[in-house]
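To start, the structure under review is shown below, and the notes come after it.
Below, chain A is the first sequence line, B the second, and so on; all start at residue 1.
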There are 2 protein chains.
Amino acid sequence: MQETLNSWQAVHDEVLRRIHARDWAPGDLIPNETDLAAEFGCARATVNRALRTLAENGVLDRRRKAGTRVALHPISKAILDIPVIRHEIEQRGQTYGYVLLQQKLAVPQMQIQLAMHLAANTKLLHVKAVHMADNAPYVIEDRWINQNSVSGANSIDFSIISANEWLLSHAPYTHGDITFSAVAADAHKSELLAAQPGDALFEMHRTTWDHDIVITTVCLSYAPGHKMKTTL
Amino acid sequence: MQETLNSWQAVHDEVLRRIHARDWAPGDLIPNETDLAAEFGCARATVNRALRTLAENGVLDRRRKAGTRVALHPISKAILDIPVIRHEIEQRGQTYGYVLLQQKLAVPQMQIQLAMHLAANTKLLHVKAVHMADNAPYVIEDRWINQNSVSGANSIDFSIISANEWLLSHAPYTHGDITFSAVAADAHKSELLAAQPGDALFEMHRTTWDHDIVITTVCLSYAPGHKMKTTL
DNA sequence: CAGAATATTATGTGCAGACAAAATACATAT
DNA sequence: ATATGTATTTTGTCTGCACATAATATTCTG
């Protein structure tokens, strides 16, 4: 019998230890909550909290009646924090700079219209800017804002505050989608980023929504060599 | 007074609704758990579960005694699921293929040695393979395995099961780090991926650990045009 | 007035008991 | 044999209560 584990963290750690020690191998059914609670000398709710957390992290698979088993293929979840660009740069101790290139109403390309589920010929606010780190180009922000869904967006001067930052605190979104990819720099992007045409650029496309109304679509093109890091 | 909300999900949704409706603006202190429980006609534990979940998602900031407030900069968290490559391909309804290119003991380059915190001249198992989707090259897997930390790795024939898949179910890790970047294809990679030299490739570098012992480092180079998608 | 001791307050977590919901296994009826 | 209904098992979650813990506010003391 086990020494009593009366915190959900202790139970969490012990279960994880057994999995790593292969006492419980991938695919194995582990004892039910009631039995584990008895073994650990704690309440079932405590075991539940521990196992639920492990399931959220993809370590366990749980199904009512079927029980709890060790995940066969522990799905790794990488959590990417997407901060405001200014914060991202300042947190590395670099000085932040910002250059607005364009701010005008226009009808976007078909591709953007589709991504935003827009009626044809809808005019959007097009904002284009470069964010600088230590006076070197860091990332190009190419953004389309749905002025109908963001009150006041028309009257903002995005040379003072970046659209990136303004939107975050003025246009809360309910959900969004995000895509990462690699593209070769065209002449325009390479010039803005002080790079060579053809250089491989890391890009992030993001569209955010307020329920079923689109707020904004942005394409961020990072300077060559950019890496996005996180942990598992 | 509110209609009774007696499930944590209902409380969760109502709090989110109020934040989104700007009843509670970013930075605002919201009522404490006891008061909310009274208002919603449920137990404090139920409110706690809802608020805790929202805090985990970055929507709320909570501190003992100081109370709960709406996050000023709702840090967007994009959760990337990193599945087994075979599953990733099969889930799209494509047929999976796999070609082992190399499996031998060798001393890795300095760069890899550093990433893995290895003593100089340590021999590792080097596995190189291409994963195919519908008979087209999908991704190059270039992997180094610390044979000392993974018992049995030496006697596995990675032409039968991919290292990617075998390791996941035979070498559980405690933590890891992961980096995404864009690189231009060199002659070797472009040939393996049926691409042109200079094409922009999406790359993922991943190193996993079992406590303080390194298990494996892998570089995945995706075919041109690859996109990694998720939601916010 | 400064600094230490103490009280207060909000969240964090534990416990026991209860019932709900889902999924399976088993029994029954046609 | 097949379809349907019922029992059982396991996780999911709610309740009400208690105490722990962290952070702040207040009081006491020199």
Qualifying residues under ring pair (Phe, Tyr, Trp, His ring centres under 6.0 Å), relative to H12(B), sequence neighbours excluded: none

In whole Å, I'd like the distance from the CD atom of E33(B) to the P atom of dT15(D). 13 Å

Holding to ring pair (Phe, Tyr, Trp, His ring centres under 6.0 Å), I want the full list of residues that pass it with H205(A), two or more places apart in sequence or in another chain. none

Output the rounded distance in Å from CZ (R44(B)) to P (dA20(D)). 14 Å

How many whole angstroms separate atom CG of N6(B) from atom C1' of dT15(D)? 11 Å

SB check K128(B) E141(B) (cutoff 4.0 Å): no

Tell me if the aromatic rings of H211(B) and H175(B) count as close, with their centers under 6.0 Å from one another. no

Between R86(A) and S162(A), is any side-chain donor less than 3.5 angstrom from a side-chain acceptor? no

Between F202(A) and F180(B), does the ring centroid distance fall short of 6.0 Å? no

Evaluate whether atom NZ of K229(B) has more than 12 neighbouring non-hydrogen atoms of other residues, nucleotides or ligands under 6.0 angstrom away. no

Regarding N164(A) and H131(A), is there a side-chain donor-to-acceptor distance under 3.5 Å anywhere? no

Residues 57-74 of chain B vs salt bridge (Lys or Arg N to Asp or Glu O under 4.0 Å), sequence neighbours excluded, gives E33(B)-R62(B)

What are the residues of residues 45-57 of chain B, sorted by number, that bring a heavy atom to within less than 4.0 Å of DNA chain D? A45(B), T46(B), R49(B)

Of all of residues 58-68 of chain B, which get a heavy atom below 4.0 angstrom from DNA chain C, listed by number? R62(B), R63(B), R64(B), K65(B), G67(B), T68(B)

Over how many whole Å does the gap from R69(A) atom CZ to dT10(D) atom C1' extend? 13 Å

Span of DNA chain C engaged by chain B, first through last nucleotide within the 4.0 Å heavy-atom cut-off, is dT8(C) to dT13(C)

Using 4.0 Å as the upper bound for N to carboxylate O, is an ion pair formed by R49(A) and E56(A)? no

